[in-house]
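Below is one structure, written out as structure tokens; comments come after it.
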Amino acid sequence: MTLYERFVAAFITGERWKLYISGLGITIEIALFAGILGIIIGTIVALMKLTTDDDGRPTVLSVIATIYVDIIRGTPSVLQLLIMWFIVMASSNNGILVASLSFGINSGAYVSEIVRGGILAVDKGQMEAGRSLGLSKAATMRYIILPQAIKNVIPPLGNEFITLIKETAIVGYVSLADLTRVANQVASRTYDAFMPLIGAAIIYFVVIKIFTLLLTRLERRMRRSDNR
């Protein structure tokens with residue numbers, strides 16, 4: 001077949017292009033839900049890791065957070081997904097929910113380090129200033145430290161979301177028809193892997209490029225606001 005005929009077979013015949021759109025929707029949906037959950041979990045875990053007692057030693061919460069981060073970062077995301085699907089939520093048939101939870105928990109470990117780094121990048125004098133104004137440690141963290149840390153963490157959080165989009169390519173293991181699985185399905189029907197897989201790769205690239213450009217634009221705006 002010619003290249004054009006292979007393109008038609010992969011995307012036009014049987015309106016297969018709709019499968020790619022549907023698969024992309026599932027990919028974005030999982031990444032979005034997982035990203036939100038990852039930010040929530042990551043922020044909580046980061047604050048837990050930063051807790052210390054009066055002597056400056058790590059608390060029980062800090063130890064728990066450290067163990068969570070070590071376990072999640074030390075095991076493959078595909079293995080975590082399979083554990084969530086076959087063991088933790090074996091009674092659930094909602095693949096999107098299972099995948100979102102699995103990737104959200106996975107992302108939370110990486111986001112926690114991003115948030116923790118952003119908080120530690122804020123000058124220590126800010127905490128002392130807040131305490132001198134009569135604010136509690138928690139109030140100082142909430143009203144003074146975290147607002148400043150947000151500017152430090154937004155760019156890496158954007159990169160984490162982009163990574164999430166690519167990592168969702170493994171959700172086919174739990175029978176979800178995401179973009180990658182759709183490409184494989186089309187390839188099995190057309191007996192031609194080249195066009196479906198290259199097409200899926202191009203779609204991934206375009207979507208991630210759009211998010212990258214948006215992230216770059218956001219970073220520029222933040223730098224401009226800092227220079228004022």
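Counting from 1, the numbers follow the sequence of the chain as shown. Not measured: the values here are computed from a predicted model.
- Between Tyr204 and Thr27, the closest side-chain pair of non-hydrogen atoms falls below 4.5 Å.
- Between the side chain of Gln148 and the backbone N or O of Ile144, at least one donor-acceptor pair lies under 3.5 Å.
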Checklist line | Candidate pair Asn106 and Arg73, rule side-chain contact (heavy atoms from CB on, under 4.5 Å), full reasoning | finding: CA-CA 8 Å; Asn106 177 275; Arg73 295 177 67 180; over 6 Å; no

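- Of the possible donor and acceptor atoms, none in the side chain of Ser22 sits under 3.5 Å from a partner among the backbone N and O of Leu19.
- Under the 4.5 Å side-chain criterion, counting only non-hydrogen atoms from C-beta, Met84 is not in contact with Val174.
- By the ring-ring contact (aromatic ring centres under 6.0 Å, His included) test, Tyr20 is found to be paired with Phe11, residues two or more places apart in sequence or in another chain being considered.
- For the pair Glu219/Ile154, no side-chain contact is recorded, criterion being any heavy-atom separation below 4.5 Å from C-beta on.
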Notebook entry, point to check: Can you check side-chain contact (heavy atoms from CB on, under 4.5 Å) on Phe7 and Ile198, steps first, answer last?
Noted result: CA-CA 10 Å; Phe7 174 82; Ile198 292 299; over 6 Å; no

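- Between Ser107 and Glu160, some side-chain heavy-atom pair lies under the 4.5 Å cut-off.
- Between the Thr66 side chain and the Ser62 main chain, a donor and an acceptor come within less than 3.5 Å of each other.
- Paired with Ile67 under the rule side chain to side chain contact (heavy atoms under 4.5 Å, CB included), one option of Val63, Asp70, Ile64 passes, and it is Val63.
- By the 4.5 Å heavy-atom criterion applied to side chains, Leu3 and Met195 are counted as neighbours.
- No side-chain heavy atom of Val182 sits under 4.5 Å from any side-chain heavy atom of Asp178.
- At least one side-chain heavy atom of Leu50 sits less than 4.5 Å from a side-chain heavy atom of Leu120.
- You'll find the side chain of Leu101 stays beyond 4.5 Å of the side chain of Val88, heavy atoms only.
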Next item on the list: Please assess Arg181 against Leu176 for the test side-chain contact (heavy atoms from CB on, under 4.5 Å), listing each intermediate value before the final yes or no.
Entry: CA-CA 7 Å; Arg181 185 175 176 85; Leu176 283 176; 5.7 Å; no

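- Within a 6.0 Å radius of CG in Asn93, other residues, nucleotides and ligands contribute 12 heavy atoms or fewer.
- Taking both residues in full, the closest heavy atoms of Ala193 and Ala187 are given as CA-CB, 3.7 Å, listed atom of the first, atom of the second, then distance.
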Margin query: Under the criterion side chain to side chain donor-acceptor pair (under 3.5 Å), I'd like the reasoning laid out for Thr51 against Thr59: C-alpha separation, chi angles, the key distance, then a yes or no.
Written below: CA-CA 6 Å; Thr51 57; Thr59 63; 2.6 Å; yes

